[in-house]
Structures are given as structure tokens and as C-alpha cells.
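Below is one structure, written out as C-alpha cells; comments come after it.
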2 protein chains.
Amino acid sequence: MNDSGGNGEKKRSRRPSAERTAQRDPERTRAAILDAATREFAENGMGGARVDAIAERAGTNKRMLYHYFGDKEQLYLKVLEEAYVGIRTAERALHIGDRSPEEGIGELALFTWRYFLQHPEFLSLLGTENLHRARWLRQSVRLKELHSHLIGELSDVLEQGKKQGVFIETADPLHVYLTIASLGYFYLSNQYTLSTIFGRDLIEPTHLNAWERHIVHVTLASIKR
Amino acid sequence: MNDSGGNGEKKRSRRPSAERTAQRDPERTRAAILDAATREFAENGMGGARVDAIAERAGTNKRMLYHYFGDKEQLYLKVLEEAYVGIRTAERALHIGDRSPEEGIGELALFTWRYFLQHPEFLSLLGTENLHRARWLRQSVRLKELHSHLIGELSDVLEQGKKQGVFIETADPLHVYLTIASLGYFYLSNQYTLSTIFGRDLIEPTHLNAWERHIVHVTLASIKR
DNA sequence: CCATCAAGTAACTGTTTAGTTACCGGCTCG
DNA sequence: CGAGCCGGTAACTAAACAGTTACTTGATGG
């Protein structure tokens, strides 16, 4: 079976590391594990997630998982960090200060809602992490400054709105952000129990659109003069 | 060791079932298991909860747990049902239609916030159940009508407010309730990650009181004409 | 005083799980 | 060409787990 010893053709031996990657590709394996882990943790929580299941979803095996990430807890933390980096990075691209204050806040509300809608795994991970009282997030060194930018930019927009007389003086940046996040998070993360007890399918497009308008309406109504 | 055979005194044999319960008390054992299970499920989720841990917390053992509740899943459903019955029962005692529409809505918002604050285990259970897409709640036959009363009463108050010209015509009962619940749920259930990333201890009384006022303010601002 | 039944204990069982170890195959560099 | 290393496989291990079974204890009724 092994006939490679006979022909010293050196074929491709000059290539650095770009084409023979069809079978062996550390980067892709690593990324596949991270992606599989994100889905597994999101669907089953930290306690319910199975290491074997992650390896299988990634099309690899446990040995590689432990090789790249250490253990289950470190892998989980990596997944969580990447999720936060994802939303905060997308948020920065918004530049909510470029428009009028009112439009800026509306923009942020719309963005947050739509991001939550398109990334249910992010909401799930937050839920799991909070069940454990931020046990792993607290250990993260990467995420300390990641969020200050958001509050800073939001604060600027609110100040401008107050100066223009369109926002009330008591409007607080953290409260505004928490309001926007609350309305999106609860509706989506609790959609299953809510749909069950109120007998209305909340994920239906009609209701989804109505809630999107509602979020913008509530957010602006709470800070407009 | 067994010397009871010698004295046929019949002592206490006339008592029906009220005093010798010091050692044996099925009702208390059942209640202890339910209470222990509520805490264990709330702290660890359905997947993370341990049957042995529940038995130990209840001061009994697994045999009794399986005797009274069948298996882990049925026990979990019982816990969830009791939690819902708890909040809906307390809600009914409010009678939000007795005051002015504005006061009624404010009352409901305050009640919901304070109930969430005093029953963190309820929020936790909701989170766990939603992680599993309401898998167990859907099977519950008891909880279908439990919630219609809330929406009905809220609807009446809103109608009255519209007639009096204090509320906007588009105010929707489900949306109003979801708004109130969102603001309370997100703040409390996500307090750990939020406190970590924003560097502010959200559970501190000062912040708690500020958020309570904020919820009432936002709710009313979103429906007032 | 013995038969019965209900409340409760504790040790056991089969399965699942996170994490480890021994091994394989092919590429690369001296 | 061969030593060694890197990406990968699969079988194993020790612990933890849900659920069961064999047993004890004590009250009651005939």
C-alpha cells in the first residue's frame, strides 16, 4: 500500500503551504471545531453539550479538539468570546453618529433586533452563560474593553439629541441600550414558551415585523421629549 | 431490639393521622422534593440537574423521588407547572382594572418586576425550558387556559384607556405585556454577563430602583397619547 | 401476635461521559 | 533515504449518571 518510497520526484515540494491542503488543513479543522462547538453549546447548553457530538459535527474526532482547545471549558470560552466579538464588530460598522440623533437610535435598535434574529446561537450562549452566573466570561481577559466603544458612541448621540432638544435630559446610554436589547432578547429567546402559553406563533413574519416596529417605537417614545 | 410485642397498650392507636407524623410525613416529603427540585433545576438546568442532588437537598433519597414523581422529566414538568401557577395566581390578586388605566398598567409593570426580582428560580426555569424549545411545557395539559385571564384583563384596561383618550389606539395587550416582561426578564436573567461586560454591578439596590422606575416610564411612554 | 402495607434506605446496574493513550500515515528537511 | 514531526484515528478508562431492586422499619387491623 505504501509506494511513496520509490519515486523521489519532489513534486510540489517547493510549494510552501497552499495546495496540498485538500486532506490536511489545520486551519480548517480548527474552524470546523469552533463552528460545531458553537452550534452544540447553543443547542444544549454547557452542561448538555457533548464533546463527542462536537467532534462528530466538525467531521473530526476528540483528539483534535483537545489538541487545539485544551478542554471542554476552554473551548466553550473561545466560542463565547467569538460570539461577542461578532456582534460588537458588526456594531462598530454602523456609525450611528452619522445621522440625526433620532435616526441613529432607530438604526441601533433595528440593527440589534436583526442581529439577534439572524444569530439565535448568540442568544442561546448568553442564556447558558448567565445560568452559570458568567462563570467563564468573568475569566476572559479579551473582553474588557470590547464593549466600552458601544456605550461611548451611544452616549455621544444622546448628548447631541439633548442639545438639539429632541431627547429628554434624563436619557441614559446604558438604559437605552438595555431597553433595546431587552425587547429583542426576550421576544426571541422566550418565543417557545410564549408561543405555547399565548397560543400565537411569534416567529411568523407578520408578528416578527410588528415587533420590529414596536421596538423602534418603544425605544424612541421612552427618550423623546 | 424489637420489644414492642410485650405491651399491648394501644397507645395513640386511636389517633387518625396528625401527631405521629414527626418521622413519617408523605406530604412533607413530597413538598420537600418539589422544592429541592425547583432549586436544582433552576441552578443547573434540565441537563445539568442531578437526581441524586435533588434527593439529598430534600433530605430523602431517589427511591422516594421516583415513587412520587415517576421520573426526572415528569418531576421537571411538575416544577415548571407550579412556577407558572405561582405567578399567574399572584397576578390575579392584583385586579388592575380597579384603578385608572394608567395606574393599572403601572401596577402590573411594578408587580411583574418585583415578582421576577423575588423569584429568580422562575426566570431560570423559563430560560432552561426555552433552550429546549418548550419541549416539556408543550406536553402540559394544565396550562392552556391559565394565561388567557391575564390578556383579557389587560385588554379591558387598555380599551378603557383608549375610550378616555389617554392611550393611543394602536396599543396591543400582548405587546404591552411582552414589553413589561422583556424589560424585567432581560435585566435580571442577564445581569451576570451584563455586569461583567459593562463593569457595573446591576444587582445593587440603587441600580435596581432606577431600573424599576425605568420600566414603568418606558411602558407608559410607549402607549400614552 | 401475626399478616399487611406504606414510608424509607442503600447498594447495585448498565450506560454515558470527559479525557487519555497507543498507534498510523504521509510530508519535510537534513 | 530515513528520522522526526504533524494531522489524524480509534479504542480505552475512570467516574458520574438515571433508574431499579432487595431490604428495613414501624404502624394498623384482624
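Note that this is a predicted model, so its numbers are computed, not measured. Residue numbers begin at 1 in each chain, while the letters A, B, ... track the order of the sequences.
Sequence order on DNA chain C of the closest nucleotides to H67(B) and V51(A) puts H67(B) first from the 5' end.
Between the CZ atom of F69(A) and the P atom of dT20(C) there is a distance of 16 Å, rounded to whole Å. Rounded to a whole Å, the OH atom of Y68(A) is 9 Å from the C1' atom of dG8(D). Here the P atom of nucleotide dT16(C) and the CG atom of D52(A) are 11 Å apart, to the nearest Å. Per the geometry, CD belonging to Q74(B) stands 14 Å off C1' belonging to dA18(D), to the nearest Å. Nucleotide dC17(D) holds its C1' atom 13 Å from the CD1 atom of I54(B), rounded to whole Å. Distance CG (L65(A)) to P (dA10(D)): 16 Å, rounded to an integer number of Å. One atom, NZ of K62(A), and another, P of dT13(D), lie 13 Å apart when rounded to the nearest Å. One can place CZ of R28(B) at 14 Å from P of dA7(C), the figure rounded to the nearest angstrom.
Taking 4.0 angstrom as the limit, K72(A) places a side-chain polar atom (N or O) nearer than this to OP1 or OP2 of dA18(C). The phosphate of dG8(D) has OP1 or OP2 within less than 4.0 Å of a side-chain N or O from T29(A). For the pair N61(A) and dT9(D), the criterion of a side-chain N or O lying under 4.0 Å from OP1 or OP2 is met. Phosphate contact (OP1/OP2 of dA18(C), side-chain N/O of R50(A), threshold under 4.0 Å): present.
Using a 4.0 Å cut-off between charged side-chain N and carboxylate O, R88(B) and E91(B) make a salt bridge. Ion pair E40(B)/R57(B) flagged as a salt bridge, since at least one NZ, NE, NH1 or NH2 atom sits closer than 4.0 Å to an Asp/Glu carboxylate oxygen. A salt bridge links E82(A) with R142(A): the closest approach of a Lys/Arg side-chain nitrogen to an acidic carboxylate oxygen falls below 4.0 angstrom.
Using a distance-only test at 3.5 Å, with no hydrogens or angles considered, no donor-acceptor pair links the side chain of E129(B) to the main chain of L80(B).
In the set dA7(C), dA10(C), dA22(C), the nucleotide with an atom closest to the side chain of R63(B) is dA10(C). Comparing atom distances between the D71(A) side chain and each of dA22(C), dA10(C), dG19(C) picks out dG19(C) as nearest. Listed candidates were dT9(C), dG7(D), dT20(D). Nearest to the side chain of M64(A) is dG7(D).
With respect to Y187(B), the ring pair (Phe, Tyr, Trp, His ring centres under 6.0 Å) criterion is satisfied by exactly one of W211(B), F198(B), F116(B), Y192(B): W211(B).
Contacts of A49(B) with the nucleic acid, taken as non-hydrogen atoms under 4.0 Å apart, involve only primed sugar atoms and P, OP1 or OP2.
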